[in-house]
Amino acid sequence: MQITPLIWLITIAVTIAFFVFEFFVHVRKPHEPTIAESARWSVFYISLALLFGVGIGMVSGWNFGGEYFAGYLTEKALSIDNLFVFLIVMTGFAVPKAFQQKVLMIGIIIALIMRGAFIAVGATLIENVSWIFYIFGALLLVLAYRQAFSDHESDPANGKVVKFARKLLPITNDYHEDKIAVKIDGKRFFTPMLLTIVAIGFIDLVFAVDSIPAIYGLTNEAYIVFTANAFALMGLRQLYFLIGGLLERLVYLAQGLAVILAFIGVKLVFHALHVNELPFINGGQHVEWAPEIPIWFSLVFIGLTITVATVLSLRKTRGDARRDEAEVAVDAKEGRL
């Protein structure tokens with residue numbers, strides 16, 4: 001895949017332009033987006049991402065197109081899990097609905113910057129160190145285990161980073177519209193908005209560690225890695241307001257993501273064995289029996305896993321709701337008796 005510096009510059013410029021547009025059109029004036037507004041823009045950004053993937057397939061070949069779609073699906077699923085943690089952060093800091101857009105926007109920009117840095121580092125490592133695939137594979141297997149047994153119950157408002165920020169900076173108890181800093185009696189104070197952004201920035205760093213090795217397990221093309229991440233983050237703000245209630249119903253999302261991360265981890269280990277140059281493994285020779293999992297299989301596996309996790313989650317929460325209603329009805333009946 002031949003990507004010239006000019007294409008990189010245009011891509012980065014267009015990405016920045018989209019976020020500038022988002023800020024001035026949607027975020028600058030604090031308000032709570034309606035379901036209709038969120039749905040329209042979510043459809044727009046998802047459609048744009050799909051069209052871009054079709055464009056990659058038509059211009060550079062469908063193998064690269066398949067890599068993009070597999071990467072986009074994985075990053076979108078990880079981003080939705082990220083949204084769940086954002087929801088916990090917003091609740092923990094009691095951020096008013098009208099101000100949540102600004103926090104999300106800043107958080108998404110921080111995420112893109114961090115992922116961009118990780119992408120550059122990852123591309124350099126892959127270019128020069130073949131055994132990095134062993135490290136990436138092992139890291140994803142560890143992350144898959146952590147993801148499978150994560151309950152998202154930690155309180156971001158009392159995290160170590162936030163506690164350090166509270167000790168270091170003068171923080172007000174109340175929000176002052178969507179301002180990060182205010183002057184009170186001539187002295188500058190920071191608002192809880194800053195602490196919320198700090199918490200989300202730290203979470204973005206953690207999720208970048210998850211997402212970049214995962215997508216490098218699907219493609220070695222830094223351009224595909226960047227664009228898949230950028231499109232996964234575009235529209236994430238609207239998606240937050242669109243599926244805010246649904247997030248709590250995706251009870252098996254973490255397990256589904258664990259399966260995806262474990263699959264990509266195994267795929268990376270197989271790839272590392274296939275291109276092996278470590279002298280203490282097979283005498284520094286490539287391991288011939290190590291299979292190269294085709295991208296079409298990865299795409300189908302990831303899509304199927306996300307679908308199954310979603311269907312099972314909705315079925316479980318629907319069943320739990322019906323059971324709770326039945327128990328309430330029985331209790332009410334017994335109370336009348």
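Along the sequence shown, the residues carry numbers beginning at 1. Basis for what follows: all heavy atoms, side chains included, without hydrogens, waters or symmetry-related copies.
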Checklist entry - Quick one: do Val198 and Met105 end up in the same hydrophobic cluster if we chain Ile, Leu, Val, Met, Phe, Trp and Tyr together by side-chain heavy atoms under 4.5 Å apart? => result yes
Next on the checklist: Under the rule for ring pair (Phe, Tyr, Trp, His ring centres under 6.0 Å), what residues qualify as partners of Tyr216, not counting sequence neighbours?
Outcome noted: none
Item to check | Nearest-0.5 Å distance that lies between atom CD1 in Ile295 and atom NZ in Lys267 | outcome: 5.5 Å
Item to check | Closest heavy-atom pair and its distance - Ala123, Ala222 | outcome: CB-CB, 4.0 Å
Checklist outcome for this item: When rounded to the nearest 0.5 Å, the distance separating CZ of Phe52 from CG of Leu48 is 9.0 Å
Under 3.5 Å, which donor-acceptor pairs do the side chains of residues 8-22 form with other protein atoms, sequence neighbours left out?
residue: Thr11; atom: OG1; partner: Ile7; partner atom: O; Å: 2.8
residue: Thr11; atom: OG1; partner: Tyr223; partner atom: OH; Å: 2.7
residue: Thr15; atom: OG1; partner: Thr11; partner atom: O; Å: 2.8
residue: Glu22; atom: OE1; partner: Arg237; partner atom: NE; Å: 3.2
residue: Glu22; atom: OE1; partner: Arg237; partner atom: NH2; Å: 3.0
residue: Glu22; atom: OE1; partner: Gln238; partner atom: NE2; Å: 3.2
residue: Glu22; atom: OE2; partner: Tyr45; partner atom: OH; Å: 3.0
residue: Glu22; atom: OE2; partner: Arg237; partner atom: NH2; Å: 3.4
residue: Glu22; atom: OE2; partner: Gln238; partner atom: NE2; Å: 2.9

Checklist entry - What orientation do Phe301 and Phe297 show, parallel under 30°, tilted 30 to 60°, or perpendicular over 60°? => result parallel
Could you list the donor-acceptor pairs under 3.5 angstrom formed by side chains in residues 306-314, with sequence neighbours left out?
residue: Thr307; atom: OG1; partner: Gly303; partner atom: O; Å: 2.8
residue: Thr310; atom: OG1; partner: Ile306; partner atom: O; Å: 2.8
residue: Ser313; atom: OG; partner: Val251; partner atom: N; Å: 3.4
residue: Ser313; atom: OG; partner: Tyr252; partner atom: N; Å: 2.8
residue: Ser313; atom: OG; partner: Ala309; partner atom: O; Å: 2.7

Item to check | In one Ile/Leu/Val/Met/Phe/Trp/Tyr side-chain cluster, 4.5 Å: Val266, Phe136 | outcome: yes
Checklist entry - Would Ile224 and Ile132 show up in the same hydrophobic cluster when neighbours are defined by side-chain heavy atoms closer than 4.5 Å? => result yes
Checklist entry - Heavy-atom distance under 4.5 Å between the side chains of Phe133 and Asn220, does that happen here? => result yes
Distance-only criterion, 3.5 Å: show the donor-acceptor pairs between side-chain atoms of residues 62-78 and protein atoms not counting sequence neighbours.
residue: Glu67; atom: OE1; partner: Thr219; partner atom: OG1; Å: 2.6
residue: Tyr68; atom: OH; partner: Ala49; partner atom: O; Å: 2.9
residue: Thr74; atom: OG1; partner: Ala70; partner atom: O; Å: 2.9
residue: Glu75; atom: OE1; partner: Arg115; partner atom: NH1; Å: 3.3
residue: Lys76; atom: NZ; partner: Ala232; partner atom: O; Å: 3.1

Next on the checklist: Working note: Leu104 + Leu236, criterion side chain to side chain contact (heavy atoms under 4.5 Å, CB included); need CA distance, chi angles, decisive distance, verdict.
Outcome noted: CA-CA 8 Å; Leu104 286 168; Leu236 199 60; over 6 Å; no
Item to check | Heavy-atom check, side chain of Phe263 versus side chain of Ser298, under 4.5 Å | outcome: yes
Checklist entry - In Å, rounded to the nearest 0.5 Å, how long is the span from OH of Tyr145 to CG of Leu261? => result 15.0 Å
Next on the checklist: Is there a side chain to side chain contact (heavy atoms under 4.5 Å, CB included) between Tyr134 and Leu273? Walk through the geometry before answering.
Outcome noted: CA-CA 8 Å; Tyr134 285 112; Leu273 290 170; 3.3 Å; yes
Checklist entry - Ile109 versus Phe23: any side-chain heavy-atom pair under 4.5 Å? => result no
Which pairs of donor and acceptor atoms, one on a side chain in residues 189-197, lie under 3.5 Å apart (sequence neighbours left out)?
residue: Thr191; atom: OG1; partner: Lys179; partner atom: O; Å: 2.7
residue: Thr191; atom: OG1; partner: Ile180; partner atom: O; Å: 3.4
residue: Thr191; atom: OG1; partner: Met193; partner atom: N; Å: 3.2
residue: Thr196; atom: OG1; partner: Pro192; partner atom: O; Å: 2.9

Checklist entry - Of all heavy-atom pairs between Leu112 and Ala230, which one has the smallest distance, and what is that distance? => result CD1-CA, 4.0 Å
Next on the checklist: Are Ile46 and Phe44 connected into the same hydrophobic cluster when the rule is that any two of I, L, V, M, F, W, Y join if their side-chain heavy atoms are below 4.5 Å apart?
Outcome noted: yes
Checklist outcome for this item: Rounded to the nearest 0.5 angstrom, the CG-CD1 distance for Asn229 and Ile215 is 5.0 Å
Next on the checklist: Working to the nearest 0.5 angstrom, can you tell me the gap between Leu140 CG and Ile135 CD1?
Outcome noted: 11.5 Å
Checklist outcome for this item: By side chain to side chain donor-acceptor pair (under 3.5 Å), Tyr175 pairs with (sequence neighbours left out) none
Checklist entry - What distance separates Leu51 CG from Ile56 CD1, expressed to the nearest 0.5 Å? => result 12.0 Å
Next on the checklist: Tell me whether Ile113 shares a hydrophobic cluster with Val121, the cluster being built from Ile, Leu, Val, Met, Phe, Trp, Tyr side chains joined at under 4.5 Å.
Outcome noted: yes
